[in-house]
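Bear in mind that the values here come from a model prediction, so they are computed numbers and not experimental data. Here is how names work: the chains are called A, B, and so on, in the same order as the sequence lines, proteins then strands, and each is numbered from 1.
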2 protein chains.
Amino acid sequence: MSRQPQKRRLETRAKLLEVTSALVASEGYSGLKVEDVVKRAGVAKGTLFSHFRDKDGLLAVLIGAEVMRFLDEMEAEGTPDSREALLQRLAPLLDYVAGDRVIFDLLLRYSGSTGTETDEVITESFYRQIGIWAAWIEALQKAGEVRRDCAPDFLAEGIQAFLNQVIAIWFCMSSPNTATPLEALRPFLDAWLAPPA
Amino acid sequence: MSRQPQKRRLETRAKLLEVTSALVASEGYSGLKVEDVVKRAGVAKGTLFSHFRDKDGLLAVLIGAEVMRFLDEMEAEGTPDSREALLQRLAPLLDYVAGDRVIFDLLLRYSGSTGTETDEVITESFYRQIGIWAAWIEALQKAGEVRRDCAPDFLAEGIQAFLNQVIAIWFCMSSPNTATPLEALRPFLDAWLAPPA
DNA sequence: TCATTAAAGTGACCAGGGTCAATTTAGTTG
DNA sequence: CAACTAAATTGACCCTGGTCACTTTAATGA
């Protein structure tokens, strides 16, 4: 028979996440070591891996939560009234993801995966994101700001594609002589969303 | 003073690539171990890492060469005469990349990087690919099959974005109940390239 | 209260990529 | 040819993520 998860387990999990978060804040994602996490959390290594599938699984929880916060922000600002406004709404998320390759890689790997795990916040965030954008697009279609020959969901997925594209290119251009990802995104969004002239 | 690379070095490099290729053929990319490679090649581990920056660098040479072969094939078939024909031209490459996550990840990481390394075949292949598609698009624009309000290079980059998108989604959907990446790509290509109605 | 048993946690151990001081090989020069 | 030097290679070692047989903890129930 199975029993309820004990309070102790929840505390351990919370402690692990808290420590990880602190370490990421000071060292960045790329410098994070599992050993440091368990040392500072005062648990054994095996414990960490009984809570999270692997190191990525641990990070996914944090990153998923962070993305959720961006989505809250997006929703709070309401529907944009133009394509340019839509672009500006994307800026914070774009900056966040473009700020660290680990974040980008992880989002690309986990996003869209049919979340078999209970705690895949990150998968949930993916669908929520598409949903929010689709709602914006629908409004913009009614306002005549966006083409009407494609479904909002479909156009939203396209935005996702362009977002990933400009970030991928951004990481490849190691030299900072290039325009920001946001600037690179604008022409794509325009060409993708603008109604026929 | 610097000297010419010696014949021995070229032989070692060739041997490493040959062995890697053979192992990949039998085990797949994900099962490849550096230790197996050096064992079968009869060299020390350090030698491999003096030839290639890391395991990915080794794979990049093979994958870059493979992509180049697909591009040769694409060019040999000539310019497509419709958007659908263009889509079909992409099929072999798409299948290849969608066939193994390692390939996809590696291409995404290396592509577009301003190739500082001499042997970054993979970077070269990226630009060549865009060039080929741009040429196709230019022809299709003249034929009225493709929108004319965007530069061919720009539209080609968009194709790249959609290609990556459908493959990323493909990998996330572990269950094979989904349509092939090629089918998923069609609507995107149409919406992206079609001239205004 | 004490036996029972599932949940939670432990840490020695392994795997596999990557490093580097030391060694061998082979052009070059006097 | 012998001495010299740069190129090429070596393999012991390290790092770090991940595993698993075992111990500890704490609900449950007679």
Protein-nucleotide distance ([X], atom [atom1]; [N], atom [atom2]), rounded to Å:
X: Arg9(A); N: dA6(C); atom1: CZ; atom2: P; answer: 17 Å
X: Leu48(B); N: dG16(C); atom1: CG; atom2: P; answer: 15 Å
X: Lys7(A); N: dG9(C); atom1: NZ; atom2: C1'; answer: 17 Å
X: Leu10(B); N: dA7(D); atom1: CG; atom2: C1'; answer: 12 Å
X: Phe52(B); N: dT19(C); atom1: CZ; atom2: P; answer: 15 Å
X: Lys39(A); N: dT10(C); atom1: NZ; atom2: P; answer: 15 Å

Revision key, fill the gap. Looking only at dT25(D), dT9(D), dT10(C), the nucleotide nearest the Arg8(A) side chain is dT25(D)
Would you say [X] places a side-chain N or O within less than 4.0 Å of OP1 or OP2 belonging to [N]?
X: His51(B); N: dT9(D); answer: yes
X: Thr47(B); N: dT10(D); answer: yes
X: Thr12(A); N: dG9(C); answer: yes

**Study point:** All side-chain hydrogen bond (donor to acceptor under 3.5 Å, both in side chains) counterparts of Glu66(B), not counting sequence neighbours
**Key:** Arg69(B)
Point to revise | Which residues share a side-chain hydrogen bond (donor to acceptor under 3.5 Å, both in side chains) with Gln88(B), sequence neighbours left out | key: Glu84(B)
Point to revise | Pairs flagged by ring pair (Phe, Tyr, Trp, His ring centres under 6.0 Å) wherever residues 11-32 of chain A is involved - sequence neighbours left out | key: none
Study note, to complete from the structure: When pairs are called at under 3.5 Å and a stem needs at least three consecutive Watson-Crick or G-U pairs, the stems of DNA chain D are C:1-30 with D:1-30
Review point. According to the interplanar angle, ranging from 0 to 90°, do the rings of Phe162(B) and Trp192(B) count as parallel (below 30°), tilted (30 to 60°) or perpendicular (above 60°)?
Key: perpendicular
Check your understanding: Step by step, would you call Met68(A) with Arg128(A) a side-chain contact (heavy atoms from CB on, under 4.5 Å)?
Key -> CA-CA 9 Å; Met68(A) 277 299 190; Arg128(A) 186 172 162 215; 3.1 Å; yes
Point to revise | Cation-pi, Trp133(A) ring and Arg89(A) (6.0 angstrom, 45 degrees) | key: no
Exercise for review: Look up atom CD in Gln129(B) and atom CD in Glu124(B), then write down how far apart they are to the nearest 0.5 Å.
Suggested key: 12.5 Å
Nucleotide N/O of nucleotides 16-18 of chain D paired with protein N/O under 3.5 Å:
unit_1, atom_1, unit_2, atom_2, d
dT16(D), OP1, Lys33(A), NZ, 3.4
dG17(D), OP1, Lys55(A), NZ, 3.1
dG17(D), OP2, Val34(A), N, 3.0
dG17(D), N7, Lys45(A), NZ, 3.2
dG18(D), OP2, Lys55(A), N, 2.8
dG18(D), O6, Lys45(A), NZ, 3.0

Review point. Got a sec, which pairs hit side chain to side chain donor-acceptor pair (under 3.5 Å) with one end in residues 18-28 of chain B, sequence neighbours left out?
Key: none
**Study point:** Side chain Thr12(A), main chain Arg8(A), donor-acceptor under 3.5 Å
**Key:** yes
